[in-house]
Amino acid sequence: ETCDDGNTQPADGCSPACTVEAGWRCVKGFPCETACGDGMRVGGEACDDGNTVSGDGCSAACTVEAGYACAGAACTTSV
């Protein structure tokens with residue numbers, strides 16, 4: 001077991017087989033968190049462009065910045 005979140009729900013960071021799912025970080029005893037900046041949009045991330053630099057459309061917190069639209073890992077200006 002690399003994680004155990006107490007359920008068998010997939011796509012919450014810890015798989016039904018108790019392995020960490022791609023795009024997530026899990027520490028035993030704590031809820032899994034998305035790994036913002038890894039280029040994989042999972043969980044509550046609105047975007048993930050593969051870095052944690054703000055000002056490029058996808059913020060360091062993986063939210064879409066004003067004036068941008070994001071699809072997958074790519075963000076473009078929407079103006």
Side-chain angles (χ1 to χ4, degrees):
E1 267 183 19
T2 57
C3 60
D4 189 345
D5 60 0
N7 68 60
T8 56
Q9 178 84 20
D12 65 354
C14 187
S15 75
C18 294
T19 58
V20 178
E21 296 172 313
W24 295 81
R25 289 185 295 247
C26 302
V27 176
K28 285 188 179 184
F30 296 93
C32 295
E33 298 178 342
T34 58
C36 180
D38 65 354
M40 300 178 71
R41 187 173 160 236
V42 296
E45 294 176 339
C47 58
D48 193 327
D49 60 357
N51 66 62
T52 54
V53 176
S54 294
D56 61 357
C58 185
S59 77
C62 287
T63 59
V64 178
E65 296 173 313
Y68 287 86
C70 301
C75 295
T76 56
T77 55
S78 61
V79 180

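Along the sequence shown, residues are numbered consecutively beginning with 1.
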TODO: Starting from Y68, walk the hydrophobic network (Ile, Leu, Val, Met, Phe, Trp, Tyr; side-chain heavy atoms closer than 4.5 Å) and list everyone else you reach, by chain and number.
DONE: V64
Shortest non-hydrogen separation from [X] to [Y] and the atoms involved:
X: R41; Y: A46; value: NE-O, 3.2 Å
X: C26; Y: G13; value: SG-O, 3.5 Å
X: R25; Y: T34; value: NH2-O, 3.3 Å
X: E65; Y: D56; value: OE1-N, 3.2 Å
X: C36; Y: A61; value: SG-C, 3.7 Å
X: D48; Y: G39; value: OD1-N, 2.8 Å

TODO: Using a 4.5 Å cut-off on heavy atoms from C-beta on, say whether the side chain of S15 contacts that of P10.
DONE: no
Task: Separation of SG atoms, C32 and C3, below 2.5 Å - done: no
- [ ] Using only the SG atoms, decide whether C47 and C58 are less than 2.5 Å apart.
- [x] yes
Open item on the list: Just verifying a value: how many Å separate C70 SG and E45 CD, rounded to the nearest 0.5 Å?
Closed with: 11.5 Å
- [ ] May I ask you to decide if P16's main-chain N or O and T8's side chain share a donor-acceptor pair within less than 3.5 Å?
- [x] no
Task: Worked check of side chain to side chain contact (heavy atoms under 4.5 Å, CB included) between V27 and E33 - done: CA-CA 9 Å; V27 176; E33 298 178 342; over 6 Å; no
